[in-house]
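What follows is a single structure, written as structure tokens, with notes after it.
All values derive from a computational prediction rather than experimental measurement. Positions are given from 1, in the same order as the sequence printed here.
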Amino acid sequence: MHSAAPPDGEGLVLALDVGGTDIKVALQDSTGVFHGLRRLPTPRDRQAPGDVIVAETARLLGEYRALASGVPIRSIGLVVPGLVDETAGIGILSANLGWRDYPFSAEVRNATGLPVAFGHDVGLAGEAEMRLGAGQGLRDAVVMVIGTGIAGAVFSDGRRVHGGGFAGEIGHAPVPGGLPCACGAVGCLETVASAGAIGRRWASHTGTDNAGAREVLAAAAAGDPTACNIWDEALEALATVISQVTAVLGSEAVILGGGLSQAGPALLGPLAGIVNSRLSFHRRPRLLLSALGQDAGLAGAGMAARDLLVPA
């Protein structure tokens, strides 16, 4: 944990980004700076998967109050994966972590006594990217996070499209060549174009256990035909969905985040070329890299918590 947070007359907020493997947590001051940023294993309980997240949030609040050295923590921002009803404060479904229709906002508020901003991890990462990052000044854009899976946040006329919690599931858009997916469908984008899928396909070919998209890209650059095929199929699938989204929404830009975005020009250059070839009269979306990177979800949680403190 970092050194104590500086005095902040507006108070601090506690931001938590819950993932399938770990929780990112930090205090955020009124200037947006994080203090005491940590990664902790995500607690699991098959019988009470939501309750353990609430208990961990309350426990961490106690730890961070000590770190804050008397500066008040005034609200909590909590973002989680899966299907989310942000208005009702409910985690509709997390296939990975196990909750269903869990009232996170109410339970965290009851456990901590603080106001709670609750939301979808990628949705609020997208909000932060649009307000503070690469999306500044844009009104029509899609933020795509490409990691173990693929998820998105869709912005139209300056507002995020919620769709009752179902909007943004870009990773489960069907594409040619898609494979059976853990969601039960066949052909989902993330079965061929997520960093996780790229690594799994390469591992199956090479017989290694810890292969990732980075190794595939390196092998493709060296001319390995299988690696080239895996990478090309991922690019084709991503271009298919980006082209479809652009045709429907007229997006100005697609902002790419997550682990695969670290490929940088090796991703953006060929992907832009394929997208451009698929479009005719359409607006050509700029392909941009996330400016907030791996902390976009945490930034979104802190931003939403801070918004609770602004008078209506």
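Nearest approach of Leu97 to Pro49, heavy atoms of both residues: O-CB, 3.2 Å. The two atoms that bring Ala296 and Ala128 nearest to each other are O-CB, 3.9 Å, heavy atoms only. Shown here for Leu238 and Ala193, the closest heavy-atom pair between the two residues is CG-CB, 3.7 Å. Scanning both residues, Gly163 and Ala167, for their nearest heavy atoms gives N-CB, 3.9 Å. Listed here is the closest heavy atom pair of Gln28 and Met303: OE1-N, 3.8 Å. Of all non-hydrogen atoms in Ala58 and Thr112, the two that sit nearest each other are CA-CG2, 4.1 Å.
Using a 4.5 Å cut-off on side-chain heavy atoms (C-beta onward), Leu179 and Val192 make contact. With contacts defined as side-chain heavy-atom distances shorter than 4.5 Å, the pair Arg278/Val275 does not qualify. With contacts defined as side-chain heavy-atom distances shorter than 4.5 Å, the pair Gln47/Asp45 qualifies. Inter-residue side-chain proximity for Ser243 and Leu279 is flagged as met; some heavy-atom pair is nearer than 4.5 Å. Between Ser251 and Ile242, the closest side-chain pair of non-hydrogen atoms is not below 4.5 Å.
Distance CG/Asp51 to CH2/Trp99: 11.5 Å, rounded to 0.5 Å. Atom NE2 of residue His35 and atom CG of residue Asp29 lie 3.5 Å apart, to the nearest 0.5 angstrom. The CG atom of Leu78 sits 12.0 Å away from atom CD of Glu107, with the distance rounded to the nearest 0.5 Å. The CZ atom of Arg65 sits 10.5 Å away from the CG atom of Leu27 when rounded to the nearest 0.5 Å. Interatomic distance, Phe118 CZ to Ile90 CD1, rounded to the nearest 0.5 Å: 8.5 Å. Within the model, atoms CG of Leu287 and CD1 of Ile255 stand 10.5 Å from one another, a figure rounded to the nearest 0.5 Å.
Every residue was checked against the salt bridge (charged side-chain N to carboxylate O under 4.0 Å, His left out) condition with Glu215, not counting sequence neighbours, and none meets it. For Asp22, the side-chain hydrogen bond (donor to acceptor under 3.5 Å, both in side chains) test picks out Arg39, with sequence neighbours left out.
Not a single donor-acceptor pair under 3.5 Å links the side chain of Glu56 to the backbone N or O of Thr42. With hydrogens and angles disregarded, a donor-acceptor distance shorter than 3.5 Å links the side chain of Thr240 to the backbone of Glu236. In this structure, Tyr64 contributes its side chain and Ile73 its backbone to no donor-acceptor pair below 3.5 Å. Side-chain atoms of Ser204 never come within 3.5 Å of backbone atoms of Arg200 as a donor-acceptor pair (strictly under, hydrogens ignored). The main-chain N or O of Thr148 is found under 3.5 Å from a side-chain atom of Ser194 such that the two form a donor-acceptor pair. Between the side chain of His205 and the backbone N or O of Ala203, no donor-acceptor pair lies under 3.5 Å. The backbone N or O of Ser156 sits nowhere less than 3.5 Å from a side-chain atom of Asp140 that would complete a donor-acceptor pair. Using a distance-only test at 3.5 Å, with no hydrogens or angles considered, no donor-acceptor pair links the side chain of Glu233 to the main chain of Ile230. Panel note: side chain Glu129, backbone Ala291; a donor-acceptor pair is recorded below 3.5 Å. Side-chain N or O atoms of Lys24 include one that pairs as donor or acceptor with a backbone N or O of Gln294 at under 3.5 Å.
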Exercise. Just do the side-chain contact (heavy atoms from CB on, under 4.5 Å) check on Ile170 and Val241 with the steps written out, would you?
Key: CA-CA 8 Å; Ile170 293 174; Val241 171; 3.6 Å; yes

Quiz item: Stepwise, does the side chain to side chain donor-acceptor pair (under 3.5 Å) test hold for Ser30 with Arg306?
Solution: CA-CA 8 Å; Ser30 59; Arg306 181 68 57 182; 5.2 Å; no

Quiz item: Between Leu37 and Asp295, is a side-chain contact (heavy atoms from CB on, under 4.5 Å) present by the stated rule, with each step listed?
Solution: CA-CA 10 Å; Leu37 176 60; Asp295 291 334; 4.1 Å; yes

Self-check item: Residue pair Asn96, Arg44: steps toward the side-chain contact (heavy atoms from CB on, under 4.5 Å) verdict
Solution: CA-CA 10 Å; Asn96 189 6; Arg44 293 174 178 263; 3.5 Å; yes

Exercise. Output, in order, the C-alpha distance, side-chain angles, deciding distance and verdict of side-chain contact (heavy atoms from CB on, under 4.5 Å) for Ile198 and Leu260.
Key: CA-CA 10 Å; Ile198 291 169; Leu260 197 66; 4.0 Å; yes

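Ile150 and Val122 fall into different hydrophobic clusters, where Ile, Leu, Val, Met, Phe, Trp and Tyr side chains are chained together by heavy-atom contacts under 4.5 Å. No single ILVMFWY cluster, assembled from side-chain heavy atoms under 4.5 Å apart, contains both Val79 and Leu298. Tracing side-chain contacts under 4.5 Å through hydrophobic residues (I, L, V, M, F, W, Y), one reaches Leu40 starting from Phe104; they form part of the same cluster. When the side chains of ILVMFWY residues are joined at heavy-atom separations under 4.5 Å, either directly or via intervening members, Leu249 and Met130 end up in two distinct hydrophobic clusters. By the rule that hydrophobic residues join a cluster once side-chain heavy atoms approach within less than 4.5 Å of another member, Val161 and Ile92 end up as members of separate clusters.
For the side chain to side chain contact (heavy atoms under 4.5 Å, CB included) criterion with Arg160, the lone passing option out of Leu124, Val143, Val154 is Leu124.
More than 12 non-hydrogen atoms from other residues, nucleotides or ligands lie less than 6.0 angstrom from CZ of Arg59. Atom CZ of Arg214 sits in a sparse spot, with 12 or fewer heavy atoms from other residues, nucleotides or ligands closer than 6.0 Å.
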